[in-house]
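Have a look at the structure below before the remarks.
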Amino acid sequence: MASPQSEYARRLEGRRSEIRRLKRRDGRLVAARAVVVAAALALAAWTGAGGSPSWRWMALPGAVFVALVVAHEAAHRSLRRALRSAAFHEAGIARVEERWEATGPPVAAPVDEAHPYAADLDLFGRGSLFERLDRARTAAGEEALASWILGPAPPAEVRERQRAVAELLPRLDLREDVSLLGEDVRAEIRPDAMTAWGEGPPLLPGGAAGLLASWLPPATLALIAAWAAGSIHGALPSAALAAQAAFAWVLRSRVQRVVAGSDR
């Protein structure tokens, strides 16, 4: 079995190669979007000058641009994940080489001065045991680790934790996935606030109003598409847009409260 340091180094080199490839792809997609926009502007100028193409021809560059936007976003997500993965392996190498001190975020000591040994043993702060062990990605995880350090555990529980560590040690893929999935929310989610938000009364309507909220947007889009294709005429799409705007105006305060409670 390869040593942890060599395995981290091997994977880090692979991630760096992937990052270079994804950056090249990102650049190509940016250039392709610029070309499509330029072509659309040229086509629009030709149409506006009385050329033969119809405005419906704009649907082709529009569809291509949307497809490129979707592909670019997927490539950007892959690039962000590769960058986080490289940082994970770099941190792993640093920890194996004992270069982990003062590399993480500031760690506040969640204890008071009356604790019998926390201050004497430097359990928290820069260069502490907590910083050495901490790989949590949420406030709840850091609180759990702190509680383990600050209080004793029965021998059976200690042995169970040691077995869990031994099981996770060779499962680098799993540890990397968990780390990457939690990178965006590190220390941002507050369990108490999240619990209060989840257990609070529903703010958005159900029943007929809920069905209307679900079906009005796609119906409006379908009407606009049919109007653009020349299948229907009249003010029906405008009426649908007005109805949707009125519905959104009535519910705006409720939606804002829901979003304000869930943005983190």
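No experiment lies behind these values; they were computed from the predicted model shown.
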- Message: One pair to check against salt bridge (Lys or Arg N to Asp or Glu O under 4.0 Å): Glu7 and Arg11. What are the steps and the verdict?
- Response: CA-CA 6 Å; Glu7 184 65 16; Arg11 294 186 179 224; 2.8 Å; yes

- Yes or no on side-chain contact (heavy atoms from CB on, under 4.5 Å) for Leu29 and His76, after CA distance, side-chain angles and deciding distance? CA-CA 10 Å; Leu29 288 170; His76 201 55; over 6 Å; no

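A distance-only check finds no donor-acceptor pair linking the side chain of Arg15 to the backbone of Leu83 [under 3.5 Å]. Proximity of a side-chain donor or acceptor of Arg33 to a complementary backbone N or O of Val69 within less than 3.5 Å is not detected. With hydrogens and angles disregarded, a donor-acceptor distance shorter than 3.5 Å links the side chain of Ser78 to the backbone of Ala74. With hydrogens and angles disregarded, a donor-acceptor distance shorter than 3.5 Å links the side chain of Ser147 to the backbone of Ala144.
Taking CD of Glu167 as the start and CD of Gln162 as the end, the distance is 14.0 Å to the nearest 0.5 Å. Going from atom CG of Leu216 over to atom CG of Leu211 covers 12.0 Å, rounded to the nearest 0.5 Å. Distance check: Arg159 CZ to Arg161 CZ gives 12.5 Å after rounding to the nearest 0.5 Å. The CD atom of Glu90 sits 7.0 Å away from atom CD1 of Ile93, with the distance rounded to the nearest 0.5 Å. Remark: Leu168 CG to Arg175 CZ distance equals 7.0 Å, nearest 0.5 Å. Atom-to-atom distance recorded for Tyr8:OH and Arg95:CZ is 8.0 Å, nearest 0.5 angstrom.
The two residues Ser85 and Leu180 have their closest heavy-atom pair at N-CD2, 3.5 Å. Minimum interatomic distance between Ile149 and Leu129 (heavy atoms only, all atoms of both residues): CG2-CD2, 4.3 Å. Closest heavy-atom contact between Ile19 and Ala86: CD1-CB, 3.9 Å. Here the closest non-hydrogen pair linking Leu22 and Ala82 is CD1-CB, 4.0 Å. Listed here is the closest heavy atom pair of Leu172 and His89: CD2-CE1, 4.2 Å. In this structure, Ser179 and Phe88 approach most closely via the heavy-atom pair OG-CD1, 3.4 Å.
Val96 is connected to Leu12 through a chain of hydrophobic side-chain contacts under 4.5 Å among Ile, Leu, Val, Met, Phe, Trp and Tyr, so both are in one cluster. Leu145 and Leu150 fall within a single hydrophobic cluster, where Ile, Leu, Val, Met, Phe, Trp and Tyr side chains are chained together by heavy-atom contacts under 4.5 Å. Linking Ile, Leu, Val, Met, Phe, Trp and Tyr whenever their side-chain heavy atoms come within less than 4.5 Å leaves Leu241 and Leu221 in two separate clusters. In the hydrophobic cluster analysis, where Ile, Leu, Val, Met, Phe, Trp and Tyr join through side-chain heavy atoms closer than 4.5 angstrom, Val66 is grouped apart from Val30. The hydrophobic clustering, which links ILVMFWY residues whose side-chain heavy atoms are closer than 4.5 Å, places Val35 and Leu68 apart.
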Under 3.5 Å donor-acceptor pairs involving side-chain atoms of residues 242-253, not counting sequence neighbours:
residue, atom, partner, partner atom, Å
Gln244, OE1, Thr220, OG1, 3.2
Arg252, NH1, Trp249, O, 2.7

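Taking a cutoff of 4.0 Å between a charged side-chain nitrogen and a carboxylate oxygen, Glu73 and Arg77 qualify as a salt bridge. Contact check on Glu176 versus Arg81 returns no salt bridge, with no Lys/Arg side-chain nitrogen under 4.0 Å from an Asp/Glu carboxylate oxygen.
Scanning for ring pair (Phe, Tyr, Trp, His ring centres under 6.0 Å) contacts around His72 gives an empty result, with sequence neighbours left out.
Counting heavy atoms from C-beta outward, Arg28 and Arg25 have side chains that approach closer than 4.5 Å.
Classified by interplanar angle (parallel below 30°, tilted 30° to 60°, perpendicular above 60°), the ring pair Phe130/Phe124 is tilted.
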